Amino acid sequence: MSPARLSVVGNEAVGPYALLRLRRGALEPGVPGQFFMLRPPGRLLPRPMSLCLAPVGELGFLVDPIGPGTRALTALEPGDEVDVLGPLGNGFRLDPERPLLVGGGIGVAPFPYLSERLGCPPALLGFRTADHAEAAALVPNAEVVLEPTLVTDALAPGFDVLACGPEPMLTAVSRLAPGAQLAWEAPMACGFGACYGCAVEVDGRMARLCVEGPVISARAEMTTEGGVALSVAACSSGRALARRGGGR
Amino acid sequence: MSPARLSVVGNEAVGPYALLRLRRGALEPGVPGQFFMLRPPGRLLPRPMSLCLAPVGELGFLVDPIGPGTRALTALEPGDEVDVLGPLGNGFRLDPERPLLVGGGIGVAPFPYLSERLGCPPALLGFRTADHAEAAALVPNAEVVLEPTLVTDALAPGFDVLACGPEPMLTAVSRLAPGAQLAWEAPMACGFGACYGCAVEVDGRMARLCVEGPVISARAEMTTEGGVALSVAACSSGRALARRGGGR
Amino acid sequence: MILNASGCLDALTAPEVAREFDAFVTKTVTPLQREGNAPVRIAETDVGMLNSIGLANPGIDTFLADVLPRLLDLGPPVWVSVGGFAAAEYADLCARLERTDAAAIELNLSCPNVAAPEDEATAIVAAARAATGKPLFAKLSPALPDLPAVALAAAAAGADGLALVNTIRGLALDPATLRPRLGTAAGGLSGPALRPVALAAVHTCFRATGLPIVGMGGVETGAHALELIAAGASAVALGTVLFADPGAAARVREELAGEARQRGFADPLAARGVAHADLDGAPPGPVVRVADGARKRSAQVGLKV
Amino acid sequence: MILNASGCLDALTAPEVAREFDAFVTKTVTPLQREGNAPVRIAETDVGMLNSIGLANPGIDTFLADVLPRLLDLGPPVWVSVGGFAAAEYADLCARLERTDAAAIELNLSCPNVAAPEDEATAIVAAARAATGKPLFAKLSPALPDLPAVALAAAAAGADGLALVNTIRGLALDPATLRPRLGTAAGGLSGPALRPVALAAVHTCFRATGLPIVGMGGVETGAHALELIAAGASAVALGTVLFADPGAAARVREELAGEARQRGFADPLAARGVAHADLDGAPPGPVVRVADGARKRSAQVGLKV
Ligand SMILES: Cc1cc2nc3c(=O)[nH]c(=O)nc-3n(C[C@H](O)[C@H](O)[C@H](O)COP(=O)(O)OP(=O)(O)OC[C@H]3O[C@@H](n4cnc5c(N)ncnc54)[C@H](O)[C@@H]3O)c2cc1C
Ligand SMILES: Cc1cc2nc3c(=O)[nH]c(=O)nc-3n(C[C@H](O)[C@H](O)[C@H](O)COP(=O)(O)OP(=O)(O)OC[C@H]3O[C@@H](n4cnc5c(N)ncnc54)[C@H](O)[C@@H]3O)c2cc1C
Ligand SMILES: Cc1cc2nc3c(=O)[nH]c(=O)nc-3n(C[C@H](O)[C@H](O)[C@H](O)COP(=O)(O)O)c2cc1C
Ligand SMILES: Cc1cc2nc3c(=O)[nH]c(=O)nc-3n(C[C@H](O)[C@H](O)[C@H](O)COP(=O)(O)O)c2cc1C
Ligand code: FES
Ligand code: FES
């Protein structure tokens, strides 16, 4: 199990984000919601990135440059090479009857590929600014809300929600849509179960998000870092996971 | 006392060496035999380099790529910038009556500038291979010997020797030409007396080569790293210094 | 011989990675189950990574019942790392492992809670020695005022080898908030920053004890591995590098062979200890006599003295 | 407040560099003259530098007669770093400095030779305290099993502040010959690798003692300095960075002011200890009460408690 060295095909700005396109090589795109570990040049550890787009022969990632690793990824240029491992973790179940994609900020990253695989279901996307909202152009059938309006303000009942976004959003969504599939985040060093770094507390026990997530549809007693206990839908594996608090 | 950021004008191969030319900025070239600290990109510590050439508006260095620092210097390209501190240390006295430059390998580095300042005196240069000997083209009036012939095999008496080269050569030269001015080397972290890293043993006492050297014309009891004690000519400051053993 | 560093690989979730090692070392097992520390548990810095996993493990009961049998099924010999808070706990853990097919036991002595690490090492290793006939490796922290003294104490108490080094304490702040990035504030620093520290530890402990040493700390390449061997290691373990390159075992093994050949060594282990030899060819300084038991038990797991 | 790290600047050969500091710290002075170690004494690695200078210094007699008067003439306050092998030597060195204009004394406690660093620190600091009324800073190695305990012992014995951290042991091999690059084999590792180690040390010792701390270890930028202050430092010292950038004091001071402003702090010291405060604004954990004498003497050299 070695990372593949993929070459950069393109890296274009999408609002404040960058759409990094890599030649796919022998890697499979996997299921939407699965992720890949990308090693930014000059950094010790790889960074988890959801697959955003899977055009023929390519893998596309939407990167939010928030720290040294993501900034190094957004600085890659065509012809550069990057080590990529994946697909990893558990993606979304693709069997919902009335799918609705609900996401916020860089949480929309997995939606273009997810939307394609689900036949372009409706999507409800929240962003901080109009600039950030440029990413919505990657998602077909999207309705966009901007802060101070929140996706939860606009969420209609009766859908099978597939959500990805900052923790407070996921928490709020899980209250309104108890059957939702949620894609969580946690800092990850390895992405394949080796380091126990991505452990989050679920039902008073620690579970590795990279092994049991990142997509969870759960109804369990989940405790976030801030200590807020809430009840979310029971997941296939019977557990729920919380990503670390703080949010970005 | 801050290093100046100089931009690279050119960096051309001279045999296995590289001639790195920098825009001089506000720096003085100093006296031949003095040195500058150049900080290779990506490295923690700067590296000492003798000034090789001082064309108008430029400083030129001849670099032997033997390790990470010197390799990074030889990889610099026109337009790159490099932090430079100097001139530092004590150079050659320029008052000898019958000067002869004696050098070996990368030890020829200070000679082009020295030769210019002394009016192109004769030079005797030793190299390992014909490829290395390409550096002799930078020194006017040079006679070249290749291994197995050594400069000391060809050294005629009656000259005021100014020498720079590997330690065994300097040691041998100082035996044949007791009045010689010798330019020694030692690993240096700072070049301005701060770290005590460049200390070498002289007369049973440790002295900082960057402060009291690198050029010494000495007659004193000098102990090299290998423990060989030898007598070399007394220097103006009444001391002699040995550079670290091993040699390259 | 290339091992993984304890806590840096779960052979059950990544069996194909584990099978590339000559032996597999478990995450440290403690008497009782431990959930580990609250998140965030990892952070990258410019010189290494910090972790505050907190010895998360299922405890010895579940480990023996559920985990070890599956690990043994994978193929490579299994070294079990054990940790506790008192000598009696280590002894008990070793006694429980005695009847298993574990190939060796690594005593994680890296978090001593007392002011005299020599005494602590002596007590723990002696208790463990009394409890097991398996090869015993003492894993030490490099952050000790007198590391070789602790290594000697472990050797005298019956350790058959050493595992060097564990992480050292470090902390990183979030640049924006200036708050610690890890939930526990400080954590263990591993990776590149440890490289010179590990070399110093292996060098001094080899000289002091002559015991076989599993060297680790920031190894990323075959050249790094060869340096640890030259300093005195008989085996090399890979930790942090596995997170970026799970295939590192095979790569490092190949690079190591090439680096050794290039320097004229018949095989990598022929370079063991050369850092102690004078350049003029004089042999390394006095080699400490290693007890016959330690010699024999180390050989069992393929480590030469 | 920005100082140089002991041993990283000779104010007499580079007075214009020294004058950029708020106070100048001398290289450690010992009772007798020391030539230092045989070359090679320095080596760069990928994560820091190694040195084995070996406390080269002229000895206290020559220091008092020839060096100190010239240092005092330079302008900035002079802190004298002292080192010895027994408490009585430290006491004697402090007594000799008592009648000078040295602003403060740094006790270099970083090479303890005994197994119980707490006892050693207590003995040395107590002896020094009895010998001088000058502000006393205990400089500690981070490589101790229980650093805060040693810091507390130093505080209890009368230290007015701490200097954290000294180097940790490292070793580098020549890649071609696989022999140690330093003449002494191992040496002290400084620079970037120390950054997380220094942050952890300052963080834990601030919490344990509340004493003013001179933080150091790999500081290259104002952001690094601000992190040490956030962890608990009242002043920051520059070491290895000076070798590449002798003008670092002025640069770091300016960057530090900018970094603090950018995060909404009126001045850099307003950020002192914020790493200990909860993000929701709750104040940092229990602040240890600092003795009046320590408070007063630290204030003398401009360090707030
Ligand atoms: C399964 C998964 C999929 C992801 N997919 C994407 C994606 O498609 N596009 C994208 O831009 N990002 C994605 N992320 C987040 C991305 O991995 C992190 O932003 C990145 O690792 C940060 O690295 P850095 O070096 O840039 O910043 P760092 O310096 O590591 O972090 C900057 C700040 O963000 C915080 N932080 C870092 N990682 C995380 C995290 N995982 N969760 C919450 N806070 C964090 C840090 O504590 C710090 O405060 C994903 C994360 C996971 C776990
Ligand atoms: C005053 C002075 C002037 C110099 N002028 C020049 C010059 O004009 N051109 C030039 O190419 N080089 C010159 N040097 C030598 C040059 O500074 C070193 O080769 C360089 O610092 C090596 O750095 P590195 O990172 O490439 O290799 P490193 O990894 O630092 O060293 C590679 C090998 O060389 C050895 N080594 C490193 N530095 C020295 C040294 N100073 N003396 C002996 N052995 C050493 C190391 O121990 C190691 O074995 C000069 C040195 C001094 C002291
Ligand atoms: C995430 C992580 C978890 C670790 N867990 C353990 C452990 O359980 N027991 C142990 O003895 N060492 C543990 N270590 C230390 C490693 O075994 C190793 O000693 C250290 O990381 C140095 O090697 P490296 O630089 O190659 O990572 C852990 C290290 C990391 C990074
Ligand atoms: C060349 C050198 C010499 C040093 N000499 C001393 C010394 O004499 N006394 C002392 O207490 N610390 C000494 N130190 C340690 C520094 O004062 C400082 O604690 C350490 O280098 C960490 O800071 P830095 O990473 O900024 O260099 C020395 C460090 C170096 C690099
Ligand atoms: S990221 Fe390493 S275990 Fe999940
Ligand atoms: S190189 Fe630092 S004192 Fe000479």
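Predicted, not measured: the structure shown is a model, and the values here were computed from it. Letters A, B, ... are given to chains in the order of the sequence lines, protein chains preceding strands, and every chain is numbered from 1.
Only the side chain of C:Ile53 comes within contact range of chain A, with heavy atoms under 4.5 Å apart. For A:Met37, no part lies near chain C; criterion is any non-hydrogen pair under 4.5 Å. Heavy-atom distances place no part of C:Asn4 under 4.5 Å from chain A, backbone and side chain included. Proximity to chain A is absent for every atom of C:Ser52, based on heavy atoms less than 4.5 angstrom apart. With a 4.5 angstrom heavy-atom cutoff, A:Leu44 touches chain C via backbone and side-chain atoms both.
The two atoms that bring A:Arg47 and A:Pro68 nearest to each other are NH2-CG, 4.5 Å, heavy atoms only. Minimum interatomic distance between A:Val9 and A:Glu58 (heavy atoms only, all atoms of both residues): CG1-OE2, 3.6 Å.
In C:Glu16, the CD atom is crowded: over 12 heavy atoms of neighbouring residues, nucleotides or ligands sit closer than 6.0 Å.
In this structure a side-chain-to-backbone donor-acceptor pair under 3.5 Å is present from A:Asn90 to A:Val211. Side-chain N or O atoms of A:Asp83 include none that pairs as donor or acceptor with a backbone N or O of A:Pro3 at under 3.5 Å. Listed for the A:Tyr196 side chain is no donor-acceptor partner under 3.5 Å among the backbone atoms of C:Arg41.
The most heavy-atom pairs under 4.5 Å with chain A, out of C:Glu35, C:Arg251, C:Met49, come from C:Glu35. Chosen from C:Gly247, C:Pro246, C:Ala244, the residue pairing most often with chain A at heavy-atom distances under 4.5 Å is C:Pro246.
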